[in-house]
Student: 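The structure under discussion is supplied below as structure tokens; questions concerning it will follow.
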Amino acid sequence: MASEPAKVVPPTEAPVVEPEKAAPPPTTQPTDYFAVADVVLRLLVFASALVSVVVMSTSKETKMLPNPRPAKFTHSPALIYFVAALSVAGFFSLITTLGSLYSLIKPGCSAKIISHFIVIDVLLLGIVASATGAAGSVTYVGLKGNTHVRWGKVCTLYGKFCRYVGASIGVSLFASVMLVLLVLLSVYSLSKKIPK
């Protein structure tokens, strides 16, 4: 008997199992560090304006001379202007912080918002700087006196009042520097959005 040649059966291909496609990673927009810095600086301006107003408003000292003589910020128009100006700066910095947070969430409208913020920040810088200068000049005269017009030193008598006023002016100077940084940051951020 002749044997038939064995038929070679081709190996069956094993079904190829494709690995399950993983869900694509969520698409998140890159963090705009300028917008984050903008929010932080605006919060610092608000906090420093608030602290400055609170410290100035609580600066009161009474000395018992032959009659009781109080020293309050309401006795000087420059210090009243200082409190009003820093109150306005704190209010607007809070509003612009909310606007900056909005532009951080919805980045499409940020160029228009930044251009408005530049104008507001420059105006606030002028107001805060002028108020700080006015209060500083009155405080300097209270600290050193003025021999030409025979104004004596007041801070030797009202030490606590002068320390409060000086601290308030120092904090408002910090707010002025933060506003300068905000203007520079806003101009730089806006220049990055201009197509070349």
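Because the structure is a prediction, the values reported are computed rather than measured.
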Student: For S100 and V39, which heavy atoms make the closest approach, and how far apart are they?
Tutor: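 Smallest heavy-atom distance, with atoms named: OG-CG2, 3.3 Å.
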Student: The criterion is salt bridge (charged side-chain N to carboxylate O under 4.0 Å, His left out); which residues satisfy it with K63, sequence neighbours excluded?
Tutor: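 Here the qualifying residues are E61.
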Student: For A131 versus F82, what's the shortest heavy-atom pair and its separation?
Tutor: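 Heavy-atom minimum between the residues: O-CD1, 3.5 Å.
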Student: Any idea which heavy atoms bring A49 and L86 closest together, and the distance?
Tutor: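 Of all heavy-atom pairs spanning A49 and L86, the closest is CB-O, 3.6 Å.
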Student: Are the side chain of S59 and the backbone of M56 linked by a donor-acceptor contact shorter than 3.5 Å?
Tutor: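 Yes, S59 side chain to M56 backbone: donor-acceptor pair under 3.5 Å.
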Student: Per the side chain to side chain contact (heavy atoms under 4.5 Å, CB included) rule, which among I95, L94, L101, T96 passes with R42?
Tutor: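 Going through the options one by one, the only one that passes is T96.
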Student: Give the minimum heavy-atom separation between A78 and A134, together with the two atoms involved.
Tutor: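 For A78 versus A134, the nearest heavy atoms are CB-O, 3.8 Å.
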Student: Please confirm whether the backbone N or O of V183 pairs with a side-chain atom of S186, one donor and one acceptor, at under 3.5 Å?
Tutor: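 Not a single qualifying donor-acceptor pair exists.
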Student: If you look only at pairs with a residue in residues 145-189, which of them pass as a ring pair (Phe, Tyr, Trp, His ring centres under 6.0 Å), with sequence neighbours excluded?
Tutor: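 Qualifying pairs, neighbours excluded: F34-Y188.
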Student: Got a sec, which pairs hit salt bridge (Lys or Arg N to Asp or Glu O under 4.0 Å) with one end in residues 153-176, sequence neighbours left out?
Tutor: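 Every candidate salt bridge (Lys or Arg N to Asp or Glu O under 4.0 Å) pair involving residues 153-176 fails, so no pair, neighbours aside, qualifies.
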Student: Indicate the atoms forming the closest heavy-atom contact of A89 with V128, along with that distance.
Tutor: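 Looking at all heavy atoms of both residues, the closest pair is CB-CG2, 3.5 Å.
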Student: Would L182 end up clustered with L184 when hydrophobic side chains under 4.5 Å apart are linked, directly or stepwise?
Tutor: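 Yes.
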Student: If I compare all heavy atoms of G90 with all of F46, which pair ends up nearest, and what's the gap?
Tutor: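 Reported closest heavy-atom pair: O-CD1, 3.2 Å.
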Student: Are I127 and V45 connected into the same hydrophobic cluster when the rule is that any two of I, L, V, M, F, W, Y join if their side-chain heavy atoms are below 4.5 Å apart?
Tutor: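 Looking at the clustering, I127 is in a separate group from V45.
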Student: Would you check if the side chain of S168 reaches a backbone N or O of V165 as a donor-acceptor pair within less than 3.5 Å?
Tutor: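 No.
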